Amino acid sequence: AQSVAQPEDQVNVAEGNPLTVKCTYSVSGNPYLFWYVQYPNRGLQFLLKYITGDNLVKGSYGFEAEFNKSQTSFHLKKPSALVSDSALYFCAVRDINNAGNMLTFGGGTRLMVKP
Amino acid sequence: DAGVTQSPTHLIKTRGQHVTLRCSPISGHKSVSWYQQVLGQGPQFIFQYYEKEERGRGNFPDRFSARQFPNYSSELNVNALLLGDSALYLCASSLVTDYSNQPQHFGDGTRLSIL
């Protein structure tokens with residue numbers, strides 16, 4: 001079984017400040033990890049993924065994520081937040097040993113960036 | 001290039017009715033997955049199809065069914081609608097499926113409301 005936890009329902013940050021959105025996961029094998037963003041009345045937009053290799057992954061719009069195997073975490077980060085980053089963020093996992101590509105999502109974290 | 005397209009965008013049904021939702025994947029993508037996103041929650045996996053065959057099924061009742069056509073488009077069918085089926089239904093496509101690390105690309109969804 002695989003699962004994802006996003007412990008914060010909402011994260012508030014001032015524009016220009018760094019942001020972190022937390023994610024922890026559980027899989028029986030090794031994980032593929034993904035971050036998606038959802039704007040109002042829209043589908044999910046892919047931001048970045050971790051497959052293997054460097055623990056720091058860079059993605060779209062200046063976002064990056066840090067994979068920590070010992071803590072089973074994959075936190076999303078950005079050095080300087082923009083008001084336009086305000087949206088709903090989802091972390092997702094799949095077990096690399098599973099043939100299918102079913103994603104298991106966390107409950108989402110709403111990011112609010114204030115001017 | 002066109003992204004994943006879903007139709008209709010909105011739908012209102014009453015309890016007991018049947019509904020069909022449609023999805024066209026990104027050109028060249030052969031795998032289609034369906035997810036249900038209830039308001040305030042993360043997406044939940046319903047089905048995955050690849051090369052017209054079901055490759056995965058989530059924990060949903062038999063009232064939910066799907067199929068994939070030779071052009072890789074897909075339909076999701078839900079019978080005997082319940083109030084709890086009210087949700088945003090998301091379709092996602094990807095290039096391949098087996099053991100793939102490729103991200104899934106999502107459409108904007110069909111918002112289904114049950115009265």
Side-chain angles (χ1 to χ4, degrees), chain A residues 1-10 21 23-25 27 29-53 57 59-60 63 65 67 87-110, chain B residues 2-7 9-10 21 23-26 29-51 53-60 87-111 113:
Chain A
Q2 51 195 44
S3 65
V4 175
Q6 294 181 241
E8 303 155 316
D9 290 337
Q10 183 162 315
V21 182
C23 170
T24 59
Y25 67 91
V27 293
N30 289 317
Y32 290 145
L33 293 157
F34 304 85
W35 275 101
Y36 286 85
V37 60
Q38 186 175 34
Y39 295 98
N41 301 312
R42 300 298 300 274
L44 276 66
Q45 182 176 341
F46 170 70
L47 281 179
L48 51 80
K49 67 180 180 182
Y50 171 81
I51 304 169
T52 186
V57 178
S60 306
F63 284 94
F67 172 69
L88 194 54
Y89 289 80
F90 290 98
C91 180
V93 69
R94 59 170 289 215
D95 190 326
I96 68 171
N97 295 317
N98 288 340
N101 62 0
M102 178 190 84
L103 290 175
T104 297
F105 286 87
T109 298
R110 185 166 301 281
Chain B
V4 177
T5 58
Q6 293 186 242
S7 62
T9 54
H10 296 85
L21 311 180
C23 171
S24 293
I26 292 172
H29 285 195
K30 298 181 178 180
S31 175
V32 170
S33 298
W34 288 94
Y35 292 81
Q36 180 196 64
Q37 186 180 15
V38 173
L39 191 63
Q41 298 181 17
Q44 298 288 320
F45 173 75
I46 310 175
F47 285 110
Q48 184 206 348
Y49 275 77
Y50 179 67
E51 292 283 12
E53 292 187 359
E54 182 182 302
R55 301 300 292 269
R57 172 186 281 260
N59 188 24
F60 281 80
L88 180 67
Y89 288 85
L90 295 165
C91 175
S93 75
S94 60
L95 274 171
V96 293
T97 182
D98 287 353
Y99 305 102
S100 171
N101 59 38
Q102 293 301 308
Q104 294 181 45
H105 298 273
F106 286 80
D108 285 340
T110 294
R111 185 162 298 283
S113 298

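In what follows, chains carry the letters A, B, and so on, assigned in the order in which the sequence lines appear, proteins first and then strands, with residues in each chain numbered from 1. Just so it is clear, the model here is predicted, and its values are computed rather than measured.
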Between Q6(B) and G109(B) (side chain of the first, backbone of the second, donor and acceptor by atom type, cut-off under 3.5 Å), is there such a pair? yes
Given the options F63(A), W35(A), F34(A), F46(A), Y89(A) meets ring-ring contact (aromatic ring centres under 6.0 Å, His included) only with F63(A)
Is there side-chain contact between F106(B) and Q45(A), with at least one heavy-atom pair below 4.5 Å? no
Kindly write out the residues that satisfy salt bridge (Lys or Arg N to Asp or Glu O under 4.0 Å) with E54(B), not counting sequence neighbours, or none if the list is empty. R57(B)
Please look at Y36(A) and chain B and tell me whether the side chain, the backbone, both or neither of the residue comes under 4.5 angstrom of a heavy atom of that chain. side chain
Does a donor on one side chain sit under 3.5 Å from an acceptor on the other, for E8(A) and T109(A)? no
Under 4.5 Å from any heavy atom of chain A - which part of F47(B): neither
Given that the side chain runs from C-beta out, which part of I51(A) has a heavy atom under 4.5 Å from chain B: side chain, backbone, both or neither? side chain
Quick one: what part of Q38(A) sits under 4.5 Å from any heavy atom of chain B, side chain, backbone, both or neither? side chain
What part of Q104(B) lies closer than 4.5 angstrom to a heavy atom of chain A: side chain, backbone, both or neither? both
